[in-house]
Amino acid sequence: MNIQAPKGTKDILPPQTRLWQYVEKTMRDTAALYSFEEIRFPAFEHTELFLRGVGETTDVVQKEMYTFNDKGGRSITLRPEGTASVVRAFVEHNVYADTLPFKCYYIAPNFRYERPQHGRLRQHHQFGVECFGAALPAADAEVIALAHSVLRGIGVERLTLNINSVGCPACRPAYQKELLQYFTACKDKLCETCLTRLENNPLRILDCKTPSCGELKKNAPKSVEHLCTDCSEHLSSVTASLDEMGIGYTLNTLLVRGLDYYTRTVFEFVTTLEGGELTVCAGGRYDGLVAVLGGPSTPAVGFGMGIERLILLMEASQTIPDLTPENTVFVAVADSTAQHRAHALASELRQLQVSCDIDLCSRSLKAQMRYADKKKASYVIVLGQRELEENKIKIKFMSDGRTIESGLDAAEIATLINPPKHIEKSYI
RNA sequence: GUGGGUAUAGCUCAGUUGGUUAGAGCACUAGAUUGUGGUUCUAGGGGUCGACGGUUCGAAUCCGUUUACCCACCCCA
């Protein structure tokens with residue numbers, strides 16, 4: 001029997017989970033600073049939601065979805081991305097009738113049937129942010145600033161923010177037409193995959209990394225030069241905001257996202273740290289999607305941030321803080337007469353919010369000390385017949401070996417370990 | 001979906017042109033006199049050499065098949 005996690009999935013065990021909790025906390029705290037609140041939604045949806053929401057021509061829909069029929073004969077798909085689900089919930093619960101903008105975030109797994117490789121899994125986790133009901137460029141800048149704050153909060157700098165505008169239904173068709181003409185003219189020089197792109201979505205030829213196509217791209221018509229006045233002003237307002245906030249960016253006219261729903265602003269945070277390029281965060285504006293999924297026409301903007309990739313980055317750039325739990329106590333037992341009292345002491349300390357560990361394997365005192373050291377306990381208290389008789393204990397500081405005395409009393413011990421914090425704030 | 005690489009202890013890996021009971025380091029457990037960790041020393045546990053089949057007196061080693069993982073492409077976070 002083959003007992004291992006399915007292809008492209010990963011277990012996350014301690015102490016790695018500490019890092020995940022740290023990253024997730026940074027995301028939640030940052031979202032709160034920007035007044036974004038959490039939304040939760042199911043891990044699977046009706047397949048149709050993604051067909052319509054993500055776009056039937058996209059690779060994600062065409063070849064990467066985990067789709068199956070449930071026992072009731074419904075076609076179900078494991079969520080390949082978060083935005084469609086949020087939009088569905090937004091429409092289903094008539095959130096558009098509430099005070100807008102509706103600003104929410106989520107931390108949730110996505111599922112895509114792909115060949116796993118570096119920074120790519122079949123189940124990966126995303127921190128996603130969406131903002132509905134705000135058409136102003138300020139909303140784009142707000143969302144980008146949030147992403148930037150998270151990345152800075154985690155300590156991964158050295159990321160490039162690429163930004164571009166893909167236009168709107170008013171100006172994009174004309175641009176696409178021009179692009180099609182340009183690339184059709186030099187058809188014979190395009191690589192194979194780009195030939196198919198020429199028919200499906202000429203915009204994505206701009207994304208090609210083949211050197212020969214790269215030459216052609218240089219002279220290709222640029223989207224920013226074909227934007228309508230509204231789109232053009234929108235983009236310059238977004239970048240003006242970024243300038244003002246001190247967020248560096250590169251106007252990358254070749255930036256195109258693979259999902260069909262984007263309008264106007266598209267952006268991504270990429271890094272070259274891992275040898276190749278790795279996109280850690282990507283998003284943009286999608287003013288048409290709410291209407292496509294049956295809601296009233298509502299402007300929206302958001303992004304997704306890949307947590308696995310973020311952690312990969314942290315490991316590569318060595319920005320991982322020490323996440324060892326602090327102020328933990330190990331209550332050791334010197335002889336069996338003290339065993340039950342020791343357990344009770346640990347229990348009393350825990351009631352006082354002191355994190356405690358005890359021996360559960362009846363090891364020798366020496367072995368218990370070794371264990372406490374391995375587990376990086378901050379303090380050790382040894383309990384034996386002597387301590388019980390004298391009603392006194394010593395607290396040993398594992399960092400330097402010194403000890404201090406205390407009564408055999410949980411409250412006294414807790415005070416010695418966690419001295420009450422002085423309130424320094426003045427409430428004038 | 002296409003192409004390439006790798007599978008030996010919990011981890012990182014040795015293993016000579018096929019030859020006896022398959023090794024190291026780290027990790028783990030225990031001991032180095034009487035109740036105290038980190039260093040050191042000693043001992044111990046742990047592997048059907050990814051799986052199946054073949055060649056051979058003999059296979060971790062050679063051949064075939066298969067599975068898993070890794071890497072690149074497509075695409076994506």
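These numbers come from a predicted model, not from an experiment. So you know, we letter chains A, B, ... as the sequences are listed, proteins then strands, and number each from 1.
- With B:A72, B:C76, B:G35 as the candidates, the nucleotide lying closest to the side chain of A:Arg115 is B:A72.
- Under 4.0 angstrom from either OP1 or OP2 of B:C71 there lies at least one side-chain N or O belonging to A:His118.
- Here, B:C13 and B:G3 have their P atoms 28 Å apart, quoted to the whole Å.
- The residue A:Lys375 sits apart from the nucleic acid: no heavy atom pair falls under 4.0 Å.
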- [ ] Any chance you could encode RNA chain B as dot-bracket? Rule is Watson-Crick or G-U wobble with both distances under 3.5 Å; [ ] for pairs crossing earlier ones, | for another strand.
- [x] (((((((..((((.....[...)))).(((((.......))))).....(((((..]....))))))))))))....

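- Across A:Leu365 and A:Ala332, no two heavy atoms sit closer than the pair CD1-CB, 3.8 Å.
- When the nearest nucleotides of RNA chain B are assigned to A:Gly119 and A:Thr9 by heavy-atom distance, the more 5′-ward of the two goes with A:Thr9.
- Within 4.0 Å of A:Ala282, counting heavy atoms only, lie sugar-phosphate atoms of the nucleic acid but no base atom.
- The existence of a salt bridge linking A:Arg40 and A:Glu38 is confirmed by a sub-4.0 Å separation between a basic side-chain nitrogen and an acidic carboxylate oxygen.
- Nucleic acid contact class of A:Ala377 (heavy atoms, under 4.0 Å, all strands): none.
- Contacts of A:Glu387 with the nucleic acid, taken as non-hydrogen atoms under 4.0 Å apart, include base atoms.
- For the pair A:Arg79 and A:Phe41, the cation does not sit on the ring face, since its NZ or CZ is not both under 6.0 Å from the ring centre and inside 45° of the axis.
- Among the protein residues, A:Glu114 comes within range of the nucleic acid bases, having at least one heavy atom under 4.0 Å from a base atom.
- The aromatic rings of A:Tyr105 and A:Phe127 sit tilted relative to each other, their planes meeting at an angle between 30° and 60°.
- One can place CG of A:Leu312 at 15 Å from C1' of B:C76, the figure rounded to the nearest angstrom.
- At B:U33, none of the side-chain N or O atoms of A:Lys366 fall inside 4.0 Å of OP1 or OP2 (strictly under the cut-off).
- A gap of 14 Å separates the C1' atoms of B:A32 and B:U39, to the nearest Å.
- Under the 6.0 Å cut-off for aromatic ring centres, A:Tyr379 and A:Phe330 do not qualify, their centroids lying 6.0 Å or more apart.
- Remark: A:Arg309 CZ to A:Gln126 CD distance equals 9.5 Å, nearest 0.5 Å.
- Atom P of B:U36 sits at a distance of 23 Å from the matching atom of B:A27, rounded to the whole Å.
- Distance CD (A:Glu81) to P (B:A77): 8 Å, rounded to an integer number of Å.
- Rounded to whole Å, the P atom of B:U67 lies 49 Å from the corresponding atom of B:G31.
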- [ ] Go through the steps for A:Arg74 and A:Glu45 under the test salt bridge (charged side-chain N to carboxylate O under 4.0 Å, His left out), then give the verdict.
- [x] CA-CA 10 Å; A:Arg74 290 167 280 256; A:Glu45 299 273 3; over 6 Å; no

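- Looking at heavy-atom distances under 4.0 Å, A:Val382 makes contact with a base.
- Atom-to-atom, CG of A:Asp373 to C1' of B:U39 comes out at 11 Å; the value is rounded to the nearest Å.
- A donor N or O paired with an acceptor N or O is found under 3.5 Å between the base of B:G37 and the side-chain atoms of A:Lys396.
- A:Lys7 places its NZ atom 17 Å from the P atom of B:A7, with the value rounded to the nearest Å.
- Dashed line: the shortest gap from a side-chain N or O of A:Lys374 to OP1 or OP2 of B:C28 is under 4.0 Å.
- Atom C1' of B:G54 sits at a distance of 31 Å from the matching atom of B:U2, rounded to the whole Å.
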TODO: Assess whether salt bridge (charged side-chain N to carboxylate O under 4.0 Å, His left out) is satisfied between A:Lys392 and A:Glu387, documenting all intermediate values.
DONE: CA-CA 5 Å; A:Lys392 271 196 257 175; A:Glu387 284 79 11; over 6 Å; no

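- Taking atom C1' in both B:G18 and B:U56, one finds a spacing of 9 Å when rounded to whole Å.
- In this structure, CD of A:Gln117 is placed 14 Å from P of B:C69, rounded to the nearest angstrom.
- Looking at the side chain of A:Pro116, the nearest of the listed nucleotides B:C70, B:A30, B:A77 is B:C70.
- Across all strands shown, A:Gly401 has heavy atoms under 4.0 Å from base atoms, whether or not it also approaches the sugar-phosphate.
- Among the protein residues, A:Leu310 comes within range of no part of the nucleic acid, since none of its heavy atoms lies under 4.0 Å from any strand.
- Here B:G1 presents its P atom at 8 Å from CZ of A:Arg122, a figure rounded to the nearest Å.
- Using a 4.0 Å heavy-atom cutoff across all strands shown, A:Met398 reaches at least one base atom of the nucleic acid.
- Contacts of A:Thr403 with the nucleic acid, taken as non-hydrogen atoms under 4.0 Å apart, are absent.
- Remark: the A:Gln368 side chain and the B:G35 base include no donor-acceptor N/O pair separated by less than 3.5 Å.
- If you take atom P in B:C69 and the same atom in B:C62, they sit 24 Å apart, rounded to whole Å.
- As a whole-Å value, the separation of A:Met369 CE from B:U29 P is 15 Å.
- For the side chain to side chain contact (heavy atoms under 4.5 Å, CB included) test with A:Ile163, the passing option among A:Asn252, A:Thr253, A:Thr265, A:Val266 is A:Thr265; the others fail.
- Closest to the A:Ala334 side chain, of the nucleotides B:C76, B:G35, B:G3, is B:G35.
- The distance between atom CZ of A:Arg370 and atom P of B:G38, rounded to the nearest whole Å, is 7 Å.
- Ring-plane geometry between A:His226 and A:Tyr175 is classed as tilted, the angle between the planes lying from 30 to 60 degrees on a 0 to 90 degree scale.
- A sub-4.0 Å separation between OP1 or OP2 of B:U29 and a side-chain N or O of A:Arg363 is present.
- Nucleotides B:A72 and B:U12 place their C1' atoms 25 Å apart, quoted to the nearest Å.
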